[in-house]
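Notes for the one structure printed next.
If you read the sequence from its start, that first residue is 1, and numbering goes on from there. Only a predicted model underlies this, so the values are computations on that prediction, with no experimental measurement involved.
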Amino acid sequence: MKPGKTRNSIHRRDASLVVLLASLTACGYHVSGHGDMMPKTIQTIAIPAFSNRTSRYKLARTLPTDIGRELLARTKYKIVADPKQADAVLTGSVHNFVAYPTISANGRSTVVEAVVTLNLTLINRATGEVLYNRAGAEFRERYEISTDPKAYFDESGTAMERLSKSVARSVVSAILEKF
């Protein structure tokens, strides 16, 4: 024992530490993105093709694939093709898509902001319980466009790929955390 320390002060410090740790775990504290609030009966998830109400066909095609990849990378769930063979089914629709200029230089747009609105629902097939539902989920991606017509390159395709991957990360986090 260090000089000046008594058994009572050491016990009080240890007791305070135990109370602090217990209160952190009791309130449900955890690191964001690492929780899994899904029922333990869910082992497989199907993600059928998303419906699409926009002219942007690529997003509706890439979103289910990117969400599936994100689930595989971050969770223990298996992704299956047939919804009838899955414990849970994630359905989605690309409800709206807009792209508009946000920054201009010399009267020409240099940055475009793309906004996609999704409707997503994850259902437990066995019980019919809605595990996750988000209508009107809005996601954004900015991309630059050249002001020089000779150097113009259409960045919108790669921006949609980035948007799809970003949406996948957000959706999987939200599902796991039940947000």
Euclidean distance, [Y] [atom2] relative to [X] [atom1], rounded to 0.5 Å:
X	Y	atom1	atom2	result
T62	R69	OG1	CZ	9.5 Å
R56	N96	CZ	CG	12.0 Å
T65	F50	OG1	CZ	9.5 Å
I45	I175	CD1	CD1	6.5 Å

Minimum heavy-atom separation for [X] and [Y], please, with both atom names.
X	Y	result
R125	Q85	NH2-N, 4.5 Å
A60	S51	CB-O, 4.4 Å
T102	E113	CG2-CB, 3.5 Å
P64	A49	CG-CA, 4.2 Å
L90	P48	O-CD, 3.2 Å
L59	V94	C-CG2, 4.5 Å

If Ile, Leu, Val, Met, Phe, Trp and Tyr residues are connected whenever their side-chain heavy atoms lie under 4.5 Å apart, and connections chain through other members, are [X] and [Y] in the same group?
X	Y	result
F139	L122	yes
L72	M38	yes
V111	V115	no
V167	I79	yes

Quick one, [X] and [Y] - any side-chain contact, counting heavy atoms below 4.5 Å?
X	Y	value
Y77	L176	yes
S173	R74	yes
T54	V116	no
I67	V172	yes

Determine, stepwise, if the pair I47 / L71 fulfils side chain to side chain contact (heavy atoms under 4.5 Å, CB included).
CA-CA 11 Å; I47 309 171; L71 279 166; 3.9 Å; yes
Using the side chain to side chain contact (heavy atoms under 4.5 Å, CB included) rule, pick out the option among N119, L120, N52 that qualifies with H95.
N119
Out of L131, V130, V89, which one pairs with N124 under the side chain to side chain contact (heavy atoms under 4.5 Å, CB included) rule?
L131
Salt bridge or not for E70 and K165, using N-O below 4.0 Å?
no
OH of Y100: more than 12 outside heavy atoms within 6.0 angstrom?
yes
Side chain [X], main chain [Y], donor-acceptor under 3.5 Å:
X	Y	result
N133	T121	no
T44	D87	yes
S164	M160	no

Take E138 and R140, measure what side chain to side chain contact (heavy atoms under 4.5 Å, CB included) needs, and give me the verdict at the end.
CA-CA 7 Å; E138 196 172 273; R140 300 170 180 270; 2.7 Å; yes
